[in-house]
Structures are given as C-alpha cells and as structure tokens.
S.K.: 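The structure's right below; bear with me while I get my questions together.
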Amino acid sequence: MFGWGIAFSNLVTGLLLNFVSTRFPNHGPPTMANFSVAVGLPFLVLFYFVFPKPPHLNAATASDMWVYSIGFLLFGLGCGMCGTINKKVFSDVVPPAIYTYVFAIDQLIENGLGNLAGVAVGYVTDRVFHYNKDAIQADSCEPTEAHKLGLGMFWVC
C-alpha cells in the first residue's frame with residue numbers, strides 16, 4: 001500500500017503544487033515541502049508504538065491488516081510529496097544553466113546517504129540497544145530482539 005500511496009502522491013502533489021504556486025507563489029511550495037517531511041514522524045510512531053502487534057505476539061488479529069494498509073497508504077501519500085516538491089523548488093531557485101548539476105549533486109547526496117541507512121540501523125541496534133544475534137534461532141521467534149531491531153529502525157528513520 002505504501003507504493004500505491006507514493007504513486008498517487010505524485011498526482012495529488014502535482015495538483016496541489018499548481019494550486020499553491022499560483023495562489024501562494026513565495027511560501028506555498030516550501031510549506032508543502034516542510035509538511036511532507038514532518039508528516040513522516042507521526043506515522044513512524046503509529047507504526048512502531050501505537051498500532052497493534054503481529055498475531056504471533058497475541059496482540060492483533062488478521063483484521064488489523066486494514067489498519068496497517070490504510071496507514072501505509074496515507075504515509076505514502078504524505079511522504080511521497082518530497083520528490084515532486086524538490087524538483088519544483090529547485091526549478092524556482094536554481095538558475096537554468098546549472099540546474100542539471102545541482103540536481104545531480106542533490107541526488108548523489110540523498111541516495112548516497114540513503115544507502116547507508118541499513119548500516120546505520122545495524123550499528124544503532126547493536127551498540128545502543130544491545131541486539132543479541134545469538135538469541136535468534138532459525139525456527140524461533142524472539143520478540144525482545146525484534147523490538148530492539150524495531151527501535152533501531154525507528155531511530156535511524
């Protein structure tokens with residue numbers, strides 16, 4: 001559902017950008033960019049701490065799938081705005097002669113740092129939350145270690 005949210009976000013963001021760019025040309029797109037970034041934190045808190053846990057932990061049912069599905073759809077709609085808005089703001093701020101260079105450097109930095117997220121999760125989970133990789137067995141579930149991994153993912157995100 002997150003992928004569907006991202007896909008529809010591009011359409012919705014395009015319509016919203018057309019509206020706010022004509023109505024509020026100086027502060028509309030940057031405000032939308034701030035909203036798109038800020039909307040991520042409440043959703044991450046919902047996913048990691050508020051929504052029901054998986055059924056094998058005896059805390060949720062199969063019908064709770066819809067809670068997560070709708071949550072991920074809305075999360076994708078809100079967070080997916082960033083890419084579209086960044087392109088609009090860049091085109092307003094950066095001179096056309098160097099736009100391709102600035103955009104390439106932006107993508108290099110964003111994707112380069114994004115590729116380090118997995119390493120950061122492993123490091124934070126191991127060093128801060130003291131993840132015990134020996135406690136995990138091939139056919140068993142270790143809820144405490146899963147919780148530590150979830151905390152590592154939350155704090156890196």
Side-chain angles (χ1 to χ4, degrees), residues 1-54 57 59-60 62-131 145-157:
M1 293 303 283
F2 182 72
W4 283 102
I6 296 277
F8 285 116
S9 176
N10 291 326
L11 296 172
V12 172
T13 303
L15 294 171
L16 286 173
L17 271 174
N18 285 340
F19 174 74
V20 299
S21 294
T22 56
R23 180 99 183 196
F24 312 105
N26 294 329
H27 61 274
T31 302
M32 282 182 64
N34 289 335
F35 170 77
S36 179
V37 171
V39 76
L41 185 62
F43 277 105
L44 290 174
V45 170
L46 284 174
F47 295 142
Y48 284 106
F49 302 115
V50 176
F51 282 175
K53 304 297 178 253
L57 297 177
S63 64
D64 291 330
M65 177 195 71
W66 291 106
V67 173
Y68 278 95
S69 296
I70 299 299
F72 274 109
L73 178 69
L74 294 174
F75 183 44
L77 280 170
C79 292
M81 293 182 189
C82 289
T84 307
I85 295 171
N86 281 351
K87 291 172 183 70
K88 164 70 171 119
V89 172
F90 274 154
S91 68
D92 289 344
V93 175
V94 177
I98 62 169
Y99 179 80
T100 54
Y101 300 110
V102 172
F103 186 73
I105 290 172
D106 173 65
Q107 292 300 301
L108 175 70
I109 292 169
E110 283 187 23
N111 293 330
L113 291 177
N115 289 331
L116 296 175
V119 175
V121 167
Y123 184 80
V124 168
T125 302
D126 186 37
R127 301 289 185 207
V128 176
F129 300 110
H130 308 292
Y131 185 77
E145 300 307 310
H147 180 70
K148 291 176 187 177
L149 184 59
L151 286 174
M153 292 170 62
F154 174 77
W155 286 107
V156 169
C157 286

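Bear in mind the structure is a predicted one, so any value in this text is a computation, not a measurement.
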S.K.: Working to the nearest 0.5 Å, report the span between CG of Leu16 and NZ of Lys88.
M.R.: 13.5 Å

S.K.: For Val37 and Cys82, work out which heavy atoms get closest and say how close.
M.R.: CG2-SG, 3.8 Å

S.K.: Could you state the interatomic distance from CE (Met32) to CZ (Phe24), rounded to the nearest 0.5 Å?
M.R.: 12.0 Å

S.K.: What I'd like to find out is whether the side chain of Leu17 reaches to under 4.5 Å of the side chain of Thr84, using heavy atoms alone.
M.R.: yes

S.K.: Under a 4.5 Å cut-off applied to non-hydrogen side-chain atoms, are Glu110 and Asn86 in contact?
M.R.: yes

S.K.: Between Phe47 and Phe154, is the ring centroid distance below 6.0 Å?
M.R.: no

S.K.: Please check this pair: side chain of Ser21 against backbone of Asn18, looking for a donor-acceptor N/O pair closer than 3.5 Å.
M.R.: no

S.K.: Can you name the closest pair of heavy atoms from Val89 and Pro29 and give their distance?
M.R.: CG2-CB, 4.1 Å

S.K.: Enter the distance from Ile98:CD1 to Phe90:CZ here, rounded to the nearest 0.5 Å.
M.R.: 10.5 Å

S.K.: I want to check something: taking the side chain as every heavy atom from C-beta on, are Met1 and Phe75 in contact at a cut-off of under 4.5 Å?
M.R.: no

S.K.: Search all heavy atoms of Thr125 against all heavy atoms of Val121 and return the closest pair with its distance.
M.R.: OG1-O, 2.7 Å

S.K.: Would you say Met153 has more than 12 foreign heavy atoms packed within less than 6.0 Å of its CE?
M.R.: no

S.K.: What is the distance from atom SG of Cys79 to atom CZ of Phe35, rounded to the nearest 0.5 Å?
M.R.: 9.0 Å

S.K.: Distance check, rounded to the nearest 0.5 Å: Leu77 atom CG versus Ser36 atom OG?
M.R.: 10.5 Å

S.K.: Are there more than 12 heavy atoms of other residues, nucleotides or ligands under 6.0 Å from atom OH of Tyr99?
M.R.: yes

S.K.: So how far is it from Phe72 CZ to Ile6 CD1, rounded to the nearest 0.5 Å?
M.R.: 11.5 Å

S.K.: With distance as the sole test, does Asn111 use its side chain to make a donor-acceptor pair with the main-chain N or O of Gln107 at under 3.5 Å?
M.R.: yes

